[in-house]
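Here is the structure we will look at, set down as structure tokens.
Only a predicted model underlies this, so the values are computations on that prediction, with no experimental measurement involved. The figures that follow rest on heavy atoms only: side chains count, while hydrogens, waters and symmetry mates do not. Along the sequence shown, residues are numbered consecutively beginning with 1.
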Amino acid sequence: MNTNKEPELEKNNSGSKTKITLKNITKSFSGITVLNNINLEFTSGEIHGLVGQNGAGKSTLGKIIGGHYKLSSGKIFLNDNLIKKWSSKIALDNGIAMIHQELALVPGMTVYDNIFLGIEENYYGILGKQNTKLFNDLDQKIGFNLDPNQKVSSLRIADQQKVEIIRALARNAKVIIMDEPTSSLTNDEVIKLHDLMHKLKKSGYLIIYVSHFLDAIIEVCDKISILRDGNLIRSSKIQNETKSSIVEAMLGTKEEIAFPNKKKNKIFDKKILELSNIKTYTGVKNVNLTINKGEIVGLLGLVGSGRTEILRSIFGIDQIQSGSIKYENEITNFKKVEDAINKGIVMIPEDRRKLGLVFTQNTKSNISITNLKNVSNNQVIDTQKEIKLVKDLINLLDIKPTSTNGNIAFYSGGNQQKVLFAKWIFNSPKLILLDEPTRGIDVGAKRKIYELINNLSSKGVAILLVSSELEEVMGLADRAYLVKEGETINEIIPYQTSIDNVLFELFGAEKVSNE
């Protein structure tokens, strides 16, 4: 990387400190204003949190600073110098890098090649491994323990996020914009990331931290800026805020996130799915569980415990090695996904970008694609019927923007997730497999998803839920199974136990008595 390249700025005489100033920033997409007259300042040596509901504009603001979006109006100053021309490359040349929520890696390339893509050291045009020492130094410093020769396509999302972080550091970025970097990390990995952020801050870096995890924001940030509906509500030092005050500013109300009320001791006696001693080639072994119609059943386990693989085996993605699946009182073993869908089983995957949505299609097409037969006559789509059903779902899920022709590539993560739900609800499923249904979603959007899940179950839809947020499973599920190393090891009733007890069992530790 040529660090001596002249920036596309007016003369910079600010010294080594980095300061980014936003004045009257406005951004619109297709006539819809998503940021309105934002005035903010960011300074090196701080971790500055951006929070707000999905659709509040926090990710859009980060992308403007990172050069990925152009302004509709307003001005950006870098070290008090007006930026006349800006792009992601120019931003990077000036030490500003962004780690996106929807990761921007090349799946077919290795970890090493992704990290150094575009900044490879070479001699007379021949690429070498001259960056190996830098990779080893960075990986050792951070403690991610990544295999440089492993293909990115084989990494889980948490490890792909680690690649993005090292990629930014390898480019000598002094400003790092992190958009939901912890959404797929374990607690231990989050702690390591926060430690790294503190080290970077002490070294003079500026970290702009976009997150819906308010506990993490309060723990790690020095300052916080709260957005609502594209407007800056306030900026303040973190010590002047509480979780309640932040939520109130985000939502415009004093409401806290809450799970829908559930009837205790409710009887479910119409079994829809039963797994007996399931074993797969992907690490699932000795899995036993049942789900009844209208019941929400959770899978509680640590990252890598095999929860997702259990869903995949039911849905026909991962083939069963032994054991049996009984669905609607019939022994079955779906060989392909289409067979499961035709029987009324759908799966909402963790990675909505790669596995869930078609970003070249509009909202209407993404929602109706799973059940075109329902809106067709003699293989010709009844457009009016399609639009009506899609509009009903847009209203039901409170998807914003409300247009059936909306470009979902520009939607917030929460609204993209709602489109994904609508896509499968359109199919009138009997059993929904949910894998991290609120990943990358803020407190307001979560409430909508929770209400939707509860409403679906009240109408007789069975739901099998996987979430890394244990509180989510405990708050939504009627029953839950503990999963460890590919096995179901226990069954619990969430309201009769505690998260502490669950964690002690998952970690295989004995609870220490305070008596």
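Contact of the Leu40 side chain with the Ile20 side chain is not registered, since no non-hydrogen atoms from C-beta on lie closer than 4.5 Å. Counting heavy atoms from C-beta outward, Ile177 and Ile99 have side chains that stay 4.5 Å or more apart. In this structure the side chain of Leu22 never reaches within 4.5 angstrom of the side chain of Glu41, judged on heavy atoms. Annotation: side chain of Lys448 is not in contact with side chain of Leu452 (no heavy-atom distance under 4.5 Å). Side-chain contact between Val473 and Leu299 is absent, with no heavy-atom pair separated by less than 4.5 Å. Two residues are said to be in side-chain contact when any heavy atoms from C-beta on lie closer than 4.5 Å; Leu300 and Leu470 meet this criterion. Side-chain atoms of Val337 and Phe315, non-hydrogen and from C-beta on, do get closer than 4.5 Å to each other. Proximity of Val419 to Ile399: side-chain heavy atoms (C-beta onward) are separated by under 4.5 Å at one or more points.
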Leu200/Ile207 under side-chain contact (heavy atoms from CB on, under 4.5 Å): CA gap, chis, key distance, verdict: CA-CA 8 Å; Leu200 292 171; Ile207 308 294; 4.0 Å; yes
Steps toward side-chain contact (heavy atoms from CB on, under 4.5 Å) verdict (Ile38, Thr26): CA-CA 7 Å; Ile38 303 295; Thr26 296; over 6 Å; no
Salt bridge (charged side-chain N to carboxylate O under 4.0 Å, His left out) between Lys201 and Glu46, worked out: CA-CA 6 Å; Lys201 181 185 76 171; Glu46 71 178 21; over 6 Å; no
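The shortest non-hydrogen separation linking Gly57 to Leu35 is O-CD2, 3.5 Å. Closest approach of Ser368 and Val390 over heavy atoms only: CB-CG2, 4.4 Å. Nearest approach of Ile314 to Phe334, heavy atoms of both residues: O-CD1, 3.3 Å. Here the closest heavy-atom approach between residue Tyr411 and residue Ser403 is recorded as OH-O, 3.7 Å.
For Ile493, the CD1 atom counts as densely surrounded, since its 6.0 Å shell holds more than 12 non-hydrogen atoms of other residues, nucleotides or ligands. Crowding of Lys391 atom NZ: a count of heavy atoms from other residues, nucleotides or ligands under 6.0 Å not exceeding 12. Within 6.0 Å of the CD atom in Gln384, the count of heavy atoms belonging to other residues, nucleotides or ligands does not exceed 12. Within 6.0 Å of NZ in Lys151 there are 12 or fewer heavy atoms belonging to other residues, nucleotides or ligands.
A salt bridge between Lys63 and Asp179 is absent, with no side-chain N of the basic residue lying under 4.0 Å from a carboxylate O of the acidic one. Of the charged side-chain nitrogens involved, at least one lies within less than 4.0 Å of a carboxylate oxygen, so that Glu386 and Lys364 count as a salt-bridged pair. Taking the charged nitrogens against the carboxylate oxygens, Lys270 and Glu295 have no contact shorter than 4.0 Å, which rules out a salt bridge. A salt bridge links Lys19 to Asp80: at least one charged side-chain nitrogen sits closer than 4.0 Å to a carboxylate oxygen. Between Lys343 and Glu328 there is no salt bridge, since none of the side-chain N atoms of the basic residue sits less than 4.0 Å from a carboxylate O of the acidic one.
The side-chain contact (heavy atoms from CB on, under 4.5 Å) test with Ile394 singles out one residue from Asn415, Thr363, Leu389, and that residue is Thr363.
Between the side chains of Asp318 and Ser313, no donor N or O sits under 3.5 Å from an acceptor N or O. Donor-acceptor pairing under 3.5 Å is recorded for the side chains of Thr438 and Glu472. For the 3.5 Å distance criterion, the side chains of Ser44 and Thr18 fail to qualify, holding no donor opposite an acceptor.
Rounding to the nearest 0.5 Å gives a distance of 4.5 Å between CG of Asn24 and CG of Asn39. The distance from atom CD1 of Ile449 to atom CG of Leu420, rounded to the nearest 0.5 Å, is 9.0 Å.
Geometric assessment of Lys27 against the ring of Phe29 yields a positive cation-pi assignment under the 6.0 Å and 45° thresholds.
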